[in-house]
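To start, the structure under review is shown below, and the notes come after it.
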Amino acid sequence: MKILSLNFLTCAVKACKSSSDSYPLHPKDAELVQDEIEVNAQLLVNLLPRLDWTALSTTATELGFPALPPQPPSAEDLQADDKTLRDLHNLLMETQIMEGKLVCGNCGHEYAVREGIANFLLPSHLV
Amino acid sequence: MSRPEDTLSADIHYDDTEARKYTTSSRIQNIQASMTHRALELLDLPGPSLILDVGCGSGLSGEILSSIPPEEGGPHAWIGMDVSASMLDIALQRDVEGDLMLADIGQGVPFRAGTFDAAVSISAIQWLCNAESSEDSPTARLSRFFGGLYASLKRGGRAVCQFYPKNDDQKKMITGAAVKAGFGAGLLEDDPETKNVKVYLVLTVGGGAIEGSGGDITGVVRGMEGVDVLDARRNQKSGKGEIKKGSKAWIMKKKDQMERKGKVVKATSKYTGRKRRTAW
């Protein structure tokens with residue numbers, strides 16, 4: 001599970017749809033793996049306005065990454081500064097949660113992550 | 001042809017052997033590849049995008065999304081959802097680039113609003129029409145899926161879902177559910193009326209259509225070769241209310257109806273429904 005996906009995932013439980021605590025999901029006992037992936041600058045520029053920077057900062061801190069700058073970089077920053085681009089790429093694309101859990105802040109439901117695949121199947125009473 | 005949807009649910013049908021058979025069959029690989037390319041053509045993405053692959057299975061379609069060369073607007077990043085753990089296991093072994101999730105699309109799409117540029121689904125959504133337990137119904141599953149998909153796509157985004165409808169009723173049910181969720185929906189059929197017919201449900205969110213087409217789904221296929229637009233909405237206008245009672249067309253319609261009921265109907269001649277002189 002990439003950190004990029006984690007920035008978009010919310011709790012799937014029906015009762016959590018209306019709660020603001022159900023996003024972002026909090027990683028727990030996460031084992032991280034770094035994979036080499038080619039940098040795709042255009043994709044990152046395209047994704048940048050859609051990222052929730054506050055949520056991303058929370059996730060990064062919870063996973064033990066150095067604190068992110070308080071403001072998201074602009075598209076021009078990314079294109080001009082190779083280091084910002086690389087750092088963001090490393091965090092979003094190359095870092096993967098292999099094992100662990102994702103916990104909803106509202107209902108406390110734990111989604112297991114095994115071999116990099118998160119299990120979002122719900123028992124029928126929660127749908 | 002047998003339909004696996006009728007007998008078992010997707011997660012049970014695609015067990016380890018079935019998933020392996022599916023992925024290694026070169027025939028299925030070819031069909032899946034051509035359908036994915038067709039779906040991408042319909043999505044018409046301008047640059048590298050984030051795509052949701054609904055029912056990604058072993059990543060046959062996702063592989064193509066990641067392999068689009070930069071000059072054609074790729075490579076795209078994708079997140080795949082599938083309900084079969086065995087299929088995902090094979091996707092892991094094949095080392096696909098996208099992110100995988102074990103999730104039932106009939107339970108909704110757990111992403112926040114406006115996440116994806118586009119969504120593709122190859123041979124998956126017909127599985128939604130079968131509910132295995134008594135507490136679930138196909139309509140509820142379809143509405144949760146399309147509702148979730150609608151929310152998770154950005155404004156102006158598109159989704160292309162190729163599926164195998166069992167009959168016209170199922171086609172109507174799926175399209176109806178998509179329209180109810182707020183999508184602009186249209187069906188594209190490749191090779192219609194042959195055994196190889198492929199049905200694509202093309203969905204647009206908000207201003208997904210091209211300028212000048214009036215926010216219409218037909219804008220998506222405008223300019224494509226060999227596409228006939230059949231607009232069912234146009235026919236509705238010349239429906240019931242238009243025929244004047246007592247006119248020749250009305251008489252012909254009635255005669256037709258009676259004939260279909262098996263009643264004895266007088267043969268139509270040049271005198272049928274002719275205009276009479278005004279009464280003196």
Side-chain angles (χ1 to χ4, degrees), chain A residues 1-17 19-20 22-25 35-52 55 89 92-98 102 104 109 111-127, chain B residues 11 45-52 56 66 68 70 73-85 87-89 91-93 95-117 131-136 140-141 144 147-148 151-152 154 157:
Chain A
M1 164 100 348
K2 291 186 178 110
I3 306 300
L4 174 74
S5 315
L6 189 56
N7 195 251
F8 290 122
L9 276 170
T10 65
C11 182
V13 174
K14 194 182 181 188
C16 284
K17 288 255 152 66
S19 164
S20 57
S22 64
Y23 174 82
L25 297 172
D35 263 345
E36 284 274 322
I37 296 173
E38 226 175 289
V39 183
N40 189 341
Q42 259 183 301
L43 179 67
L44 282 178
V45 171
N46 179 8
L47 287 174
L48 192 62
R50 263 178 281 163
L51 290 175
D52 188 321
H89 173 75
L92 289 176
M93 301 295 198
E94 296 188 325
T95 313
Q96 299 211 31
I97 302 179
M98 282 315 263
L102 303 174
C104 169
H109 191 90
Y111 300 94
V113 183
R114 291 224 309 270
E115 294 185 69
I117 298 180
N119 182 349
F120 271 77
L121 292 177
L122 289 176
S124 57
H125 67 276
L126 290 176
V127 175
Chain B
D11 50 334
L45 295 163
S49 314
L50 184 63
I51 301 178
L52 175 68
C56 61
S66 336
I68 301 290
H76 304 295
W78 56 278
I79 300 179
M81 291 170 75
D82 206 284
V83 72
S84 158
M87 276 288 199
L88 292 173
D89 186 40
L92 273 187
Q93 290 167 28
D95 214 10
V96 292
E97 279 179 45
D99 228 351
L100 304 168
M101 272 170 64
L102 181 65
D104 183 358
I105 52 171
Q107 296 185 339
V109 183
F111 289 94
R112 66 182 166 87
T115 298
F116 297 101
D117 294 297
E132 293 74 33
S133 61
S134 54
E135 53 204 84
D136 213 354
R141 286 167 66 75
R144 275 195 298 265
S152 68
K154 69 167 190 185

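Please read these numbers as outputs of a predicted model, since none were measured by experiment. By convention in this document, chain letters (A, B, ...) are assigned in the order of the sequence lines, proteins followed by strands, and residues within each chain are numbered from 1.
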Open item on the list: Under the rule for salt bridge (Lys or Arg N to Asp or Glu O under 4.0 Å), what residues qualify as partners of Lys154(B), not counting sequence neighbours?
Closed with: Asp117(B)
Task: Over all atoms of both residues, closest heavy-atom pair of Phe116(B) and Arg50(A) - done: C-NH1, 3.8 Å
TODO: Measure distances from Phe8(A) to the heavy atoms of chain B and classify the residue's part below 4.5 Å as side chain, backbone, both or neither.
DONE: both
Open item on the list: Out of Leu44(A), Asp52(A), Leu4(A), return the one with the most heavy atom pairs under 4.5 angstrom to chain B.
Closed with: Asp52(A)
TODO: Answer with side chain, backbone, both or neither: which region of Ile79(B) has an atom nearer than 4.5 Å to a non-hydrogen atom of chain A?
DONE: side chain
Open item on the list: Tell me whether Gln107(B) contacts the main-chain N or O of Leu122(A) through its side chain, where contact means a donor paired with an acceptor under 3.5 Å.
Closed with: yes
Open item on the list: Check whether Asn40(A) reaches the backbone of Pro75(B) with its side chain - one donor and one acceptor, N or O, closer than 3.5 Å.
Closed with: yes
Open item on the list: Nearest 0.5 angstrom please: Asp89(B) CG to Ile117(A) CD1, how far?
Closed with: 7.5 Å
Open item on the list: Do Met1(A) and Leu100(B) make a side-chain contact, defined as non-hydrogen atoms from C-beta onward lying under 4.5 Å apart?
Closed with: no
TODO: Check whether any side-chain heavy atom of Glu115(A) sits under 4.5 Å from a side-chain heavy atom of Leu92(B), and report yes or no.
DONE: yes
Task: Atom group of Asn7(A) that falls short of 4.5 Å from chain B, counting heavy atoms - done: both
Open item on the list: I'd like to know whether NZ of Lys17(A) has more than 12 heavy-atom contacts from other residues, nucleotides or ligands below 6.0 angstrom.
Closed with: yes
Open item on the list: Shorter than 4.5 Å, heavy atoms on both sides: which option in Thr10(A), Val45(A), Asn119(A), Val113(A) has the most such pairs with chain B?
Closed with: Thr10(A)
- [ ] Could you tell me which portion of Ile37(A) (side chain, backbone, both or neither) has an atom closer than 4.5 angstrom to a non-hydrogen atom of chain B?
- [x] neither
Task: Qualifying residues under ring-ring contact (aromatic ring centres under 6.0 Å, His included), relative to Phe120(A), sequence neighbours excluded - done: Tyr111(A)
Task: Choice from Leu43(A), Asp35(A), Val13(A) maximising heavy atom contacts with chain B below 4.5 Å - done: Leu43(A)
- [ ] Say whether, by atom type as modelled, one donor and one acceptor occur between the side chain of Asp99(B) and the main chain of Ser5(A) under 3.5 angstrom.
- [x] no
Task: Largest heavy-atom contact set with chain A, pairs under 4.5 Å, which of Asp104(B), Leu102(B), Val109(B) - done: Leu102(B)
- [ ] Verify the neighbour count for atom CD of Gln42(A): are there more than 12 heavy atoms of other residues, nucleotides or ligands below 6.0 Å?
- [x] no
Task: Working for side chain to side chain contact (heavy atoms under 4.5 Å, CB included), residues Arg112(B) and Leu9(A) - done: CA-CA 6 Å; Arg112(B) 66 182 166 87; Leu9(A) 276 170; over 6 Å; no
